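Predicted, not measured: the structure shown is a model, and the values here were computed from it.
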Amino acid sequence: MTVTMAIKIYPRLLIPPEQSFFLFGPRGSGKSTWAKRAFPSAYRFDLLDEELYQNLLSNPSLFASRLRTFKRRQWVWVDEVQRLPSLLNEVHRFIEDAGLRFILTGSSARKLRRSGVNLLAGRALTRTMYPFLPAELGRDFDLETVLSYGSLPITWSSPSKPETLKAYVQTYLKEEIQAEALARNLAGFSRFLPVAALFHAQTLNVSALARDAGVSRMTVSGYLDVLEDTLLAFRLPAYEGKLRVRERKHPKLYWIDPGIVRAVKKQLAPLAQEERGALLEGFVAVVLRAYGEYSGLFDEIAYWSPTDAIRTEVDFLLRKADRFLAIEVKSSPRPSSDALRGLRAIGSLRGLERRILVYKGTKELQTDEGIDVWPLKKLLESIENDTLF
């Protein structure tokens with residue numbers, strides 16, 4: 001007798017747009033599951049279906065022939081659109097002339113841009129699918145599990161998370177990088193990945209990264225673009241304000257999921273204490289970024305650090321209109337004076353409304369200087385309820 005396990009479906013925070021849109025996200029982030037539920041009547045062109053892919057590759061006119069049979073405002077879903085960027089010419093035409101609406105899902109915009117596609121010149125919105133957020137997991141959210149194995153749906157539903165993550169990295173290299181020819185030197189890219197994982201939640205030093213990976217500085221810059229374009233990582237810029245100190249200019253690197261970071265480093269044993277700080281900071285970075293897109297939590301996000309003080313930094317500086325909010329994240333269960341160093345240093349920033357130290361404890365506190373000390377749970381609730389500013 002075959003026993004099948006029911007996979008729990010979690011509601012996602014992404015609101016379905018009413019006009020055509022691109023939906024990008026890393027492999028396994030749940031794009032297809034969401035699209036099926038949000039647009040059950042959409043006609044789907046699945047470009048992972050090899051027969052369909054080959055038919056459209058050899059005879060692109062078949063795509064237009066099928067589109068002509070649909071009524072105005074019909075939703076049409078092109079899945080893994082980056083495999084055939086040329087289809088976007090017809091998508092553009094049928095949006096304009098026939099009033100069709102398109103869901104264009106994929107794991108990378110890189111091949112689209114390299115093919116000279118203009119992403120429909122504003123005729124389609126762009127959305128991103130992130131790993132599961134705490135509000136989406138609800139009572140199932142467990143920080144220790146998320147920091148250990150991440151929260152990509154493909155991993156979260158797996159009974160063997162370490163093995164799934166190992167396979168994920170190999171699949172990424174084989175299907176995303178090699179098959180799509182995103183990196184000419186796959187061996188060099190494979191050496192680059194674990195070194196780049198060491199820079200998670202760190203200021204990027206491209207020269208050091210290139211030296212450790214055994215490739216040129218220019219090659220590393222290209223590899224970092226690949227990571228961003230395949231939605232596995234993003235760079236957080238340094239804030240360039242007008243305080244009395246010179247701010248650091250190099251960006252920080254964040255991977256999209258703690259599990260992927262640990263899998264790339266081949267470090268899936270129980271969490272080590274020295275990992276927790278970067279993983280927690282990275283987790284908060286992704287939550288902030290997701291809510292910035294989903295609900296307009298902020299207008300801009302950066303980090304702040306003066307060049308003349310190596311240990312002085314503020315992890316996240318959020319701007320909304322002319323107001324600022326500074327957040328520092330620490331994995332310690334107890335707040336320390338040293339953890340407040342950056343938040344104290346940025347106190348003179350014009351428009352700064354609130355400074356928050358986030359820690360792993362349970363008590364909500366406030367210092368004499370007016371710095372809020374919040375448990376992680378308080379920060380997540382404030383983000384979800386849009387009460388940060």
Side-chain angles (χ1 to χ4, degrees), residues 24 26-28 82 107-115 131 147-150 152 155 162-238 248-269 271-279 281-283 285-286 303 305 307 310-311 313:
F24 296 115
R27 286 185 180 271
Q82 78 276 355
S107 53
S108 171
R110 185 177 182 84
K111 193 172 181 182
L112 300 181
R113 285 197 294 268
R114 290 177 66 184
S115 301
L147 295 186
S148 298
Y149 305 114
L152 278 175
T155 308
E163 293 304 315
T164 299
L165 283 167
K166 291 175 187 176
Y168 184 96
V169 172
Q170 291 305 312
T171 300
Y172 171 73
L173 287 171
K174 183 179 179 181
E175 296 184 7
E176 196 76 57
I177 304 303
Q178 187 176 37
E180 301 295 342
L182 297 180
R184 294 179 181 178
N185 181 356
L186 191 62
F189 190 79
S190 298
R191 292 195 304 272
F192 155 81
L193 281 177
V195 180
L198 295 174
F199 278 87
H200 179 56
Q202 304 296 324
T203 303
L204 266 176
N205 184 327
V206 176
S207 297
L209 211 169
R211 182 180 62 250
D212 292 347
V215 295
S216 72
R217 194 177 190 280
M218 184 175 296
T219 299
V220 161
S221 295
Y223 287 169
L224 288 169
D225 288 342
V226 170
L227 277 186
E228 282 199 295
D229 288 338
T230 53
L231 288 305
L232 284 193
F234 59 92
R235 281 170 276 197
L236 185 70
R248 196 172 297 165
K249 300 296 176 69
H250 297 294
K252 292 178 72 172
L253 180 69
Y254 289 101
W255 288 67
I256 201 73
D257 183 74
I260 298 176
V261 175
R262 303 189 75 226
V264 166
K265 292 191 295 182
K266 298 181 180 179
Q267 189 176 352
L268 290 170
L271 278 174
Q273 188 57 41
E274 58 268 20
E275 293 182 90
R276 292 178 179 274
L279 293 175
E281 182 183 329
F283 164 72
V286 172
Y303 82 97
S305 182
T307 56
I310 296 175
R311 295 180 59 204
E313 181 178 288

Taking side chain as C-beta onward, heavy atoms only, is [X] less than 4.5 Å from [Y]?
X      : Y      : value
Arg262 : Leu271 : yes
His200 : Lys265 : no
Thr164 : Tyr149 : no
Tyr172 : Arg27  : no
Leu231 : Ser107 : no
Thr155 : Asp257 : no
Leu232 : Val226 : no
Leu152 : Tyr168 : yes

Minimum heavy-atom separation for [X] and [Y], please, with both atom names.
X      : Y      : value
Val215 : Gly188 : CG1-CA, 4.2 Å
Leu204 : Leu209 : CD2-CD1, 3.9 Å
Val220 : Ala210 : CG2-CA, 3.4 Å
Leu279 : Pro258 : CD2-CB, 4.0 Å
Ala197 : Val264 : CB-CG1, 3.9 Å
Phe199 : Ala208 : CZ-CB, 4.4 Å

Roughly how far apart are [X] [atom1] and [Y] [atom2], rounded to 0.5 Å?
X      : Y      : atom1 : atom2 : answer
Asn205 : Leu253 : CG    : CG    : 12.0 Å
Phe283 : Arg276 : CZ    : CZ    : 13.5 Å
Lys252 : Glu313 : NZ    : CD    : 3.5 Å
Ile256 : Thr230 : CD1   : OG1   : 10.5 Å

Considering only residues two or more places apart or on different chains, which pairs with a residue in residues 214-234 satisfy salt bridge (Lys or Arg N to Asp or Glu O under 4.0 Å)?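 The answer is Arg110-Asp229, Arg113-Asp229, Asp225-Arg235, Glu228-Arg235.
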For Phe192, enumerate each residue passing the ring-ring contact (aromatic ring centres under 6.0 Å, His included) test, keeping only those at least two apart in sequence or located in another chain.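 Applying ring-ring contact (aromatic ring centres under 6.0 Å, His included) to Phe192 gives Phe189, Tyr223.
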Applying ring-ring contact (aromatic ring centres under 6.0 Å, His included), name anything that partners Phe234, two or more places apart in sequence or on another chain.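 Residues passing ring-ring contact (aromatic ring centres under 6.0 Å, His included) with Phe234: Tyr254.
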By side chain to side chain contact (heavy atoms under 4.5 Å, CB included), which residues pair with Thr171, not counting sequence neighbours?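 Side chain to side chain contact (heavy atoms under 4.5 Å, CB included) check on Thr171 returns Glu175.
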Only counting residues at least two apart or in another chain, list the ones meeting side chain to side chain contact (heavy atoms under 4.5 Å, CB included) with Ala187.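 Result, side chain to side chain contact (heavy atoms under 4.5 Å, CB included) vs Ala187: Asn185, Arg191.
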Lys166: partners by salt bridge (Lys or Arg N to Asp or Glu O under 4.0 Å), with sequence neighbours left out: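 Testing Lys166 for salt bridge (Lys or Arg N to Asp or Glu O under 4.0 Å), a comparison that skips the adjacent residues, returns Glu163.
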Which residues satisfy the side chain to side chain donor-acceptor pair (under 3.5 Å) test with Ser148, sequence neighbours excluded?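 Not a single residue meets the side chain to side chain donor-acceptor pair (under 3.5 Å) criterion with Ser148.
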Excluding sequence neighbours, so at least two apart, what forms side chain to side chain donor-acceptor pair (under 3.5 Å) with Ser190?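 Expected list: none.
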